[in-house]
Amino acid sequence: MSELGIGLLYGGATLVAMFSGMPIAFALGAVAVAFMFGFMPASSLDTVTQNVYEEMASITLLSIPLFILKGAAIGKSRAGQDLYLALHAWMRRIPGGLGIANVFACALFAAMAGSSPATCSAIGSAGIPEMRQRGYSPGFAAGLIAAGGTLGILLPPSITMILYAVAAEQSLGRLFLAGIMPALLLVGLFSCYAAWRYRLEYGRAQRALVRDGTPSPFPNEPPATLREKLALLPRVLPFVTLLIGVMAALYGGYATPSETAGLGGLLALALIAVIYRMWNPRQLAPILSGTLRESTMLMFIIGMSLLYSYVMSYLHISQSAAQWIVGLHLSRWVLLTAILLMVVVLGFFLPPVSIILMTAPIILPPLRAAGFDLVWFGVVMTIVMELGLIHPPVGLNIFVIKNTAPDIALRDIVWGVMPFVALMVLAVVLICALPGLSLWLPNQLMG
């Protein structure tokens, strides 16, 4: 059978396995083993475990369970709610300050936990009820938290970027730094929209009050006193210090990414023990079991995805696909647009982990040949994969928010996130037009 025929059969078998409802790891592993049996030497089946081990024997991947431990320790404590309350108190005077506080809380919590679903759950459980009590429409409140949660895979420590660094053989430190400025750009865009949307809804409520006498859902709250603001800082500053300290250890050259992840996990456990008195086995059991469960699931997906990519490479599917793309002689920006559209479509059905490991062997060679910086592309691809987290029909964050606030209609959540989808597309366009937005910081700090 020709390479084209094998490639089409491989892709078709993958789609059938995915749509059968089989877990992603089992689907990828089953397709890979089936094609090893049918198209590779029989002896290759004897080396499945060896191949998976060799593909996963990366010191960079070791940091993933440790970062998950750090995120679980923070996510299962009251850190998210305390962070949100502190920011709300300090920003209460600003029009739309509550919405802006939620955006900043999502960004900071995402940087500490590194997980988009955890950010949505932790900040949304406190932020959505508070916003709704203060007049924000349900769809706007839900969309704001869902979009803010996507920052979890762009801000370091990002598991998605760790995997991209392994797949693209790029510096993890440069990738982490390259994501910071685009993340701040998204925070700025989300905050500006939150302020504008608040003024729009507030003005509409005031007009209804004058016209019909309808009571305004926006209460007049006195600003927090300085004492109230300062009283909230002791519970927040240690975690912000943890974030800064971990990043300083990594970029100061004091620790490798894996050592930094271990340091962050231990410090996070120490902080929740001191601040929230979470030290007995009953309180720590959910943190440790959640870390073990999520790490096992994620590493299994990674292992099967790497085996899937190995088979694809052995059968020359990825090389042939890359040569075909190059042979189309597309202009570099048409090529980039086509690849990003493919990533968006894949994001409807697959998590970022699988998208990166499945597509990297195919898309990275043409992009490198077209002269694109792969660190820069890693940031752009991460933002595009964020779209998949909030874009229907399968956006994961949409369903996390629906679980957090079950009384909000799914239709309202979907319409609430669409403006943020447009803002993220705008951010991608800006980063493409101004590559320095992502590359300036790593070039300054790492040369």
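In this text, all values refer to a predicted model and were calculated from it rather than measured experimentally.
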Applying side chain to side chain contact (heavy atoms under 4.5 Å, CB included), run through L69 and L288 and close with a yes or a no.
CA-CA 7 Å; L69 173 62; L288 299 178; 4.1 Å; yes
Just by distance, do the side chain of N443 and the backbone of L439 share a donor-acceptor pair under 3.5 Å?
yes
Out of curiosity, I390 CD1 to M424 CE, how far, rounded to the nearest 0.5 Å?
5.0 Å
N/O donor-acceptor pair under 3.5 Å between Q170 side chain and A168 backbone
yes
Any side-chain heavy atom of L108 sitting closer than 4.5 Å to one from L87?
yes
Identify, with sequence neighbours excluded, every residue that meets side-chain hydrogen bond (donor to acceptor under 3.5 Å, both in side chains) alongside T14.
Y308
I145/N397 under side chain to side chain contact (heavy atoms under 4.5 Å, CB included): CA gap, chis, key distance, verdict
CA-CA 9 Å; I145 299 296; N397 284 11; over 6 Å; no
As an exercise, state the distance from CD of E201 to OH of Y136, rounded to the nearest 0.5 Å.
8.5 Å
Distance col, row L336:CG vs L330:CG, nearest 0.5 angstrom, shows 11.5 Å
How about M312 and I362: do any of their side-chain heavy atoms sit closer than 4.5 Å?
yes
Give a yes or no answer on whether the side chain of K70 reaches the backbone of L266 with a donor-acceptor pair at less than 3.5 Å.
no
Would you compute the distance between atom CG of L154 and atom CD of E386 and round it to the nearest 0.5 angstrom?
5.0 Å
Are any of the side-chain heavy atoms of I287 and L269 separated by less than 4.5 Å?
yes
Closest non-hydrogen atoms of A107 and L155, given as atom of the first, atom of the second and distance, are O-CD1, 3.3 Å
Can you check whether T150 reaches L186 side chain to side chain, under 4.5 Å on heavy atoms?
no
Counting only N and O atoms by type, is there a donor-acceptor contact under 3.5 Å from the side chain of D412 to the main-chain atoms of G139?
no
Closest heavy-atom contact between S295 and I68?
OG-CD1, 3.6 Å
Side-chain H-bond candidate by donor/acceptor type, R197 with Y193, under 3.5 Å
yes
Would one find more than 12 heavy atoms of other residues, nucleotides or ligands at under 6.0 Å from atom CZ of R332?
yes
Run F190 and C106 through side chain to side chain contact (heavy atoms under 4.5 Å, CB included) and show every step you take.
CA-CA 11 Å; F190 290 175; C106 284; over 6 Å; no
Compute whether any side-chain donor of one residue and acceptor of the other, for Y276 and D82, lie under 3.5 angstrom apart.
yes
Validation row: V379, M161 side chains within 4.5 angstrom (heavy atoms):
yes
For the residue pair G99 and A194, what are the closest heavy atoms and their distance?
C-CB, 4.2 Å
Quick check: do T337 and L340 have side-chain heavy atoms less than 4.5 Å from each other?
no
Can you see which heavy atom on W376 is nearest to which on I431, and at what distance?
NE1-O, 3.2 Å
What's the spacing between L374 CG and S171 OG if we round to 0.5 Å?
12.5 Å
Within the structure provided, determine whether F377 and I339 are in side-chain contact (heavy-atom separation under 4.5 Å).
yes
Over 12 non-hydrogen atoms of neighbours within 6.0 angstrom of CH2 in W90:
yes
For residues D373 and P435, determine if any side-chain heavy atom of one lies less than 4.5 Å from a side-chain heavy atom of the other.
no
Which atom names give the shortest non-hydrogen contact between A178 and V375, and what distance separates them?
CB-CG1, 3.8 Å
Report the distance from atom OH of Y164 to atom CD of E169, rounding to the nearest 0.5 Å.
11.0 Å
Step-by-step side chain to side chain contact (heavy atoms under 4.5 Å, CB included) determination, L172 to V166
CA-CA 8 Å; L172 179 58; V166 172; over 6 Å; no
Are F140 and Y198, when compared by the centres of their aromatic rings, separated by less than 6.0 Å?
no
Please report the shortest heavy-atom distance between A261 and L66, naming the atom on each side.
CB-CB, 3.5 Å
